[in-house]
Amino acid sequence: MAETGHPQAWPAFAMPGHHVRRFTSHMAQTWEPAGEFTIGARFNGPPTTANGGYACGVIARFVRGPATVRLRRPPPLEARLVALADGDRIRVMQGEVLVAEAEPARNGFLEPPLRPSMGEAVAAGRRHPWRGVRHLLSDCFVCGPERTDGLGVTPGPLYGADEVTAAPFVPDASVANDGVVDPAIVWAVLDCPSFPAEALREGRIALLGTLEARLDRDVVVGERLVVVGWTRALDGRKLQSASALLASDGSVVAQALATWIAPAMPVTVR
């Protein structure tokens with residue numbers, strides 16, 4: 001597998017349930033430029049688009065405090081994206097195409113049902129059922145098990161609690177500035193482990209639709225952390241889940257609520 005995370009092309013995978021939404025000049029009357037950015041190729045989820053959690057974390061920089069980010073289409077890599085603001089609401093555009101929307105978080109966060117140790121999280125990650133299988137997310141920057149330049153946060157079921165997933169996270173200097181981990185990386189770490197255990201077990205692919213996160217403190221290089229994920233509800237193609245990043249003493253460092261969307265035409269891992 002190539003270290004870039006892009007060893008082969010996969011079929012286009014559009015965000016299910018969303019048509020391309022264009023931003024007209026009439027709609028833009030109350031929206032003011034807030035900044036622009038590009039998501040680098042390293043930070044992919046599927047081969048040609050960004051990891052959803054990382055993209056949400058980058059977009060959340062334009063929101064004060066805990067944020068909710070809704071992805072309206074797969075965020076592109078190496079493309080100019082423009083953030084527009086209307087009060088505390090943010091829209092992210094690629095040209096006239098709406099990519100994402102963000103606003104302050106409105107919901108409460110959930111306490112994790114279990115607080116596994118680092119050893120338990122390492123063992124869970126080794127039980128990731130898609131190891132050794134090529135699929136749409138094999139080379140994800142966050143959870144791709146063979147990525148040499150990724151985060152290595154590959155979640156698997158906890159022993160004796162198959163409905164809860166866990167993975168270790170020990171950040172290195174490549175994702176930090178002056179020893180402090182980029183908050184967008186923390187969002188990314190909260191993303192993949194929130195993938196519902198049921199879908200993971202059944203080999204069902206889904207993509208992140210919404211991520212709502214709260215970061216309680218900075219994460220520093222070399223910390224030995226555990227991320228845990230669990231399902232909140234399954235409703236047809238909509239899968240709702242939660243995740244939490246835990247310090248070595250079990251305290252919560254960051255929390256998230258996620259909504260995943262499965263495509264109308266099922267994509268499975270075999």
Side-chain angles (χ1 to χ4, degrees), residues 5-6 9-107 136-137 140-142 175 177 182-188 190-192 194 206-215 237-238 256-264:
H6 305 287
W10 289 91
F13 192 93
M15 185 65 74
H18 292 290
H19 301 289
V20 173
R21 298 177 63 182
R22 299 192 180 277
F23 203 61
T24 67
S25 58
H26 173 72
M27 294 166 61
Q29 289 178 0
T30 63
W31 295 83
E32 298 291 337
E36 59 182 69
F37 60 95
T38 299
I39 298 175
R42 180 188 181 192
F43 306 108
N44 69 293
T48 60
T49 56
N51 169 268
Y54 180 80
C56 288
V58 173
I59 295 164
R61 293 170 181 165
F62 296 98
V63 178
R64 186 184 298 274
T68 299
V69 183
R70 297 178 183 85
L71 300 176
R72 296 305 188 185
R73 61 184 290 103
L77 297 168
E78 301 294 348
R80 177 176 176 266
L81 299 173
V82 176
L84 303 174
D86 180 9
D88 59 7
R89 296 182 299 155
I90 297 293
R91 280 180 169 166
V92 174
M93 312 297 300
Q94 183 185 13
E96 294 184 352
V97 176
L98 178 63
V99 174
E101 297 173 299
E103 62 185 2
R106 311 292 185 190
N107 297 311
L136 182 73
L137 304 175
C140 173
F141 164 71
V142 179
V175 295
N177 294 305
D182 181 351
I185 294 293
V186 179
W187 277 71
L190 291 167
D191 169 17
C192 295
S194 76
L207 291 184
L208 185 69
T210 302
L211 192 62
E212 184 170 357
R214 184 185 77 197
L215 280 53
R237 293 169 51 212
K238 181 184 292 186
L257 302 174
T259 298
W260 296 79
I261 306 295

Side chains of [X] and [Y]: closer than 4.5 Å at any heavy-atom pair?
| X | Y | result |
| --- | --- | --- |
| L71 | C56 | yes |
| E78 | I39 | no |
| R64 | D88 | no |
| N107 | L257 | yes |
| C192 | C140 | yes |
| T68 | P104 | no |
| R73 | V97 | yes |
| V58 | P75 | no |

Q) Closest heavy-atom contact between F37 and V92? A)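 Looking at all heavy atoms of both residues, the closest pair is CZ-CG1, 3.8 Å.
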**Q.** Lys/Arg-Asp/Glu bridge criterion (N-O < 4.0 Å) met for E101, R91
**A.** yes
Q | Exercise: do W260 and T210 side chains pair donor with acceptor under 3.5 Å | A |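 On atom types as modelled, these side chains do not qualify, holding no pair under 3.5 Å.
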Q) Just by distance, with hydrogens left out, do N44 and N51 show a side-chain donor and acceptor under 3.5 Å apart? A) no
Rounded at 0.5 Å granularity, tell me how far [atom1] in [X] sits from [atom2] in [Y].
| X | Y | atom1 | atom2 | value |
| --- | --- | --- | --- | --- |
| Y54 | W187 | OH | CH2 | 13.5 Å |
| L98 | E96 | CG | CD | 12.0 Å |
| L190 | L208 | CG | CG | 11.0 Å |
| R80 | E36 | CZ | CD | 4.0 Å |

Q. When you measure from the side chain of E212 to the backbone N and O of A105, does any donor-acceptor pair fall under 3.5 Å?
A. no
Q.
Taking A100's backbone N and O only, do any of them form a donor-acceptor pair with R72's side chain (distance below 3.5 Å, no angle check)?
A.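 Flag not set: sc R72 to bb A100 has no pair under 3.5 Å.
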(Q) Around atom CZ of R106, are there more than 12 heavy atoms from other residues, nucleotides or ligands closer than 6.0 Å? (A)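 Buried by this count: over 12 neighbours within 6.0 Å.
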Q: Apply side-chain contact (heavy atoms from CB on, under 4.5 Å) to the pair L215 and V186, showing each step before the final yes or no.
A: CA-CA 8 Å; L215 280 53; V186 179; 3.9 Å; yes
Q) Would T259 and L211 count as a side-chain contact (heavy atoms from CB on, under 4.5 Å) if you check the C-alpha gap in whole Å, the side-chain angles of each, and the deciding distance to 0.1 Å? A) CA-CA 7 Å; T259 298; L211 192 62; over 6 Å; no
